[in-house]
Protein chains: 2
Amino acid sequence: MYTQQLVFVAAALSAPILSSANCMYGTSLFPRAEGATVEVSNFGYVGLQGPLNWAALSAENSACATSKVQSPINIDSTIQLAQEAPKMVIKDVEAAEFENLGTTVEVICNGTTTFGGKDFSLQQFHFHTPSEHRVAEEYFPLEIHMVHEAADGSGALVVIALTFQLSEDGATTELLSAVTENLAKIATPGTVTETGPLKFAEVINHVQTTPLFQYTGSLTTPPCAEGLTFLVTEKPLPLNVKTYNEIKSVVKFNSRYTQNSPGQENLIAVGASALAGAGGAVAGEDARNGTAAAGNATVVVKPKPSGGAAASTSAKGTATSKTAAAATGNAEVKVEGEHHCILGSCREVTKAKRFRRRR
Amino acid sequence: MYTQQLVFVAAALSAPILSSANCMYGTSLFPRAEGATVEVSNFGYVGLQGPLNWAALSAENSACATSKVQSPINIDSTIQLAQEAPKMVIKDVEAAEFENLGTTVEVICNGTTTFGGKDFSLQQFHFHTPSEHRVAEEYFPLEIHMVHEAADGSGALVVIALTFQLSEDGATTELLSAVTENLAKIATPGTVTETGPLKFAEVINHVQTTPLFQYTGSLTTPPCAEGLTFLVTEKPLPLNVKTYNEIKSVVKFNSRYTQNSPGQENLIAVGASALAGAGGAVAGEDARNGTAAAGNATVVVKPKPSGGAAASTSAKGTATSKTAAAATGNAEVKVEGEHHCILGSCREVTKAKRFRRRR
């Protein structure tokens with residue numbers, strides 16, 4: 001049963017969400033002054049604001065580093081298709097509020113989607129480039145997340161993730177062009193404008209008639225809370241180069257690194273173990289007591305032997321393993337017998353080939 | 001002086017590298033049977049083969065988790081432009097060897113590039129999609145690494161990184177179309193074929209006449225060895241959709257996450273500290289003794305309090321901080337006074353706006 005798969009993100013809402021809000025806010029009927037500001041996110045995708053350090057940015061982000069059910073993921077054969085199509089009702093509007101949060105651009109827009117016997121209210125949709133989810137290890141240039149919240153106040157969330165592929169013939173999804181019509185007006189984080197007129201029929205039809213991957217994951221941004229139902233389009237929608245380049249120039253890069261498969265160790269925990277195995281260890285009591293802070297990572301790395309030859313020669317025909325290279329940790333070019341290795345890539349070099357190469 | 005900036009990756013080569021090799025190998029003059037296999041890389045970009053666990057895949061990969069000079073990076077204002085143009089001589093060829101290593105596709109091709117008073121031999125070039133480097137936080141759909149090794153046997157490496165941007169008018173870089181002419185023949189990792197005829201003039205001209213960012217970084221793949229000189233094109237070359245989609249479908253996603261700025265803590269060490277701060281700690285002696293292995297990450301995470309309301313209501317006008325949400329680590333929807341927050345994004349909701357929304 002779908003309802004049993006749902007993990008409620010929020011136990012309860014102590015005040016009613018504005019589920020009656022609709023897309024008319026921010027429209028030409030109710031215009032909003034351009035140049036107003038919105039709050040900019042405190043996380044990012046580079047350095048100490050980046051995904052590997054999100055858990056240190058705020059105590060409530062701990063799931064980013066500890067949860068075993070994180071998004072985005074590589075969608076492999078273990079991920080099932082949804083057994084039903086969501087039923088989406090979104091009214092077309094003349095315009096909607098369009099905000100630059102610094103980490104994404106977001107359209108404030110409501111609608112109602114029925115899935116698993118429950119009604120969900122569309123709260124907003126926002127952009128990730130390149131895509132956050134991968135399908136069979138391939139990524140897409142763009143992914144839109146349509147964020148829905150249970151209308152019953154339970155706090156359950158469903159995110160419908162639309163993937164986009166660049167079209168060779170210039171075909172594009174009309175909704176996308178209309179959304180981004182005024183994108184240049186919110187090039188600066190913290191600004192707001194209006195979208196162009198939004199018509200949802202094409203996107204709704206796609207979501208309702210093509211397969212959707214379904215799995216239980218998490219927010220892909222802090223606080224990385226578990227328990228979201230993701231519905232990811234198997235087949236991408238079309239996108240043209242102009243729209244893609246415009247979005248990329250404003251949104252920049254905002255794709256969290258691929259998380260481990262659902263139920264597997266959080267990759268930050270995996271990385272911490274790899275670090276320990278690499279000769280480093282999270283420094284003693286400070287780190288274990290949780291006092292390590294962003295910008296002050298305290299890690300003790302064991303000294304490693306330095307020097308030594310970077311390359312070695314063995315007898316012809318000796319098997320060459322890439323992992324046998326670079327014993328000092330700073331070498332990657334070697335000629336070993338009849339193999340030629342560089343940058344981890346080894347090629348067998350027979351005498352005949354050598355002769356030919358030297359001509 | 002440039003020569004002082006160079007950090008030699010390999011102390012010495014005990015056998016001469018095949019610097020006399022040229023692009024004629026694998027050409028129509030010296031054809032190579034299609035369907036031959038090449039060694040496939042043992043690392044990847046997903047799960048336990050992915051970048052956060054590279055250091056655990058092999059002892060010599062330790063730099064991936066411990067080095068403070070790692071690539072790729074976000075190129076910000078601290079990165080300088082090269083003071084000289086590299087002088088590149090690469091002969092046009094009828095074909096070159098084209099291999100699918102599982103983690104990238106690679107063209108075996110030689111030439112000579114003079115930079116900083118030294119001669120470097122072009123060994124190969126290979127593809128990353130999306131780009132590994134970012135410029136002012138923006139990424140590109142494709143990046144090619146032209147890997148050069150010092151001709152003097154010192155082991156010094158220079159990587160010329162070409163970025164590509166999709167063109168709206170379909171313009172594309174001729175070399176790229178020619179390289180990928182037979183791409184479909186090496187769709188399977190471990191296979192090899194030939195490129196089409198390669199003409200380098202356009203790319204050489206671009207590298208020699210437009211600005212290049214220069215910094216000292218590392219291999220972006222295991223063993224992540226430090227000491228490479230990266231020269232990254234400031235201005236991208238054009239790419240059309242057909243070529244991009246073809247490359248993406250074969251190469252999949254092979255972009256290492258953005259590393260910390262040169263000289264700053266390795267982000268895996270940062271992540272380990274963030275994990276410790278989040279209530280987890282690398283498990284005791286096993287991890288510190290370096291015995292933690294890939295696939296067997298041993299991390300002890302402190303139990304966290306569960307339950308509790310996900311949303312709270314405060315008096316109207318109370319400032320709402322995104323980081324005040326979700327005290328249980330699994331909540332992200334709240335209505336707090338006159339702010340409406342969802343997914344870390346808060347918007348002020350005035351009475352007037354509420355009224356409008358409810359119409």
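Small disclaimer: the values here were computed from a predicted structure and weren't measured.
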Looking at [options], which has the largest count of heavy-atom pairs under 4.5 Å with chain B?
options                            : answer
S67(A), G50(A), S167(A), P51(A)    : S167(A)
P130(A), S249(A), G47(A), S261(A)  : P130(A)
N266(A), N254(A), V241(A), T258(A) : V241(A)

Region of [X] that comes under 4.5 Å of a non-hydrogen atom in chain A:
X       : value
Q264(B) : neither
T129(B) : both
S218(B) : neither

Next item on the list: Over all heavy atoms of both residues, which pair between A55(A) and A274(B) is shortest? Give the atoms and the distance, please.
Entry: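 Result for this residue pair: CB-O, 4.0 Å.
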Check: For the residue pair L166(B) and N245(A), what are the closest heavy atoms and their distance?
Finding: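 Looking at all heavy atoms of both residues, the shortest contact is O-ND2, 3.0 Å.
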Side chains of [X] and [Y], heavy atoms from C-beta outward: is any pair under 4.5 Å?
X       : Y       : answer
L52(A)  : V270(B) : no
S255(B) : Y139(A) : no
L48(A)  : N260(B) : yes

Notebook entry, point to check: Can you tell which of G44(B), C64(B), A65(B) has the highest number of heavy-atom pairs within less than 4.5 Å of chain A?
Noted result: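 The residue among G44(B), C64(B), A65(B) with the greatest pair count is A65(B).
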Note to self: Let's test your reading of the structure: which of K252(B), E168(B), K248(B), K242(B) forms the most heavy-atom pairs below 4.5 Å with chain A?
What the structure shows: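 Winner by heavy-atom pair count: K248(B).
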Margin query: Restricting to side chain to side chain contact (heavy atoms under 4.5 Å, CB included), what partner residues turn up for V46(A), sequence neighbours left out?
Written below: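 So V46(A) forms a side chain to side chain contact (heavy atoms under 4.5 Å, CB included) with N74(B), R134(B), E137(B).
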Note to self: Test of understanding: with side chain to side chain contact (heavy atoms under 4.5 Å, CB included), list the residues that count as partners of T103(A), not counting sequence neighbours.
What the structure shows: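 Result, side chain to side chain contact (heavy atoms under 4.5 Å, CB included) vs T103(A): S41(A), F43(A), Y45(A), L101(A).
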Note to self: For Y257(A) and Y257(B), take the angle between the two ring planes, folded into 0 to 90°, and tell me which bin it lands in: parallel under 30, tilted 30 to 60, perpendicular over 60.
What the structure shows: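 If you compare the ring of Y257(A) with that of Y257(B), the planes turn out tilted.
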Next item on the list: Measure the spacing between CG of L267(A) and CD1 of I268(B) and express it to the nearest 0.5 Å.
Entry: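 So the CG of L267(A) and the CD1 of I268(B) are separated by 10.0 Å.
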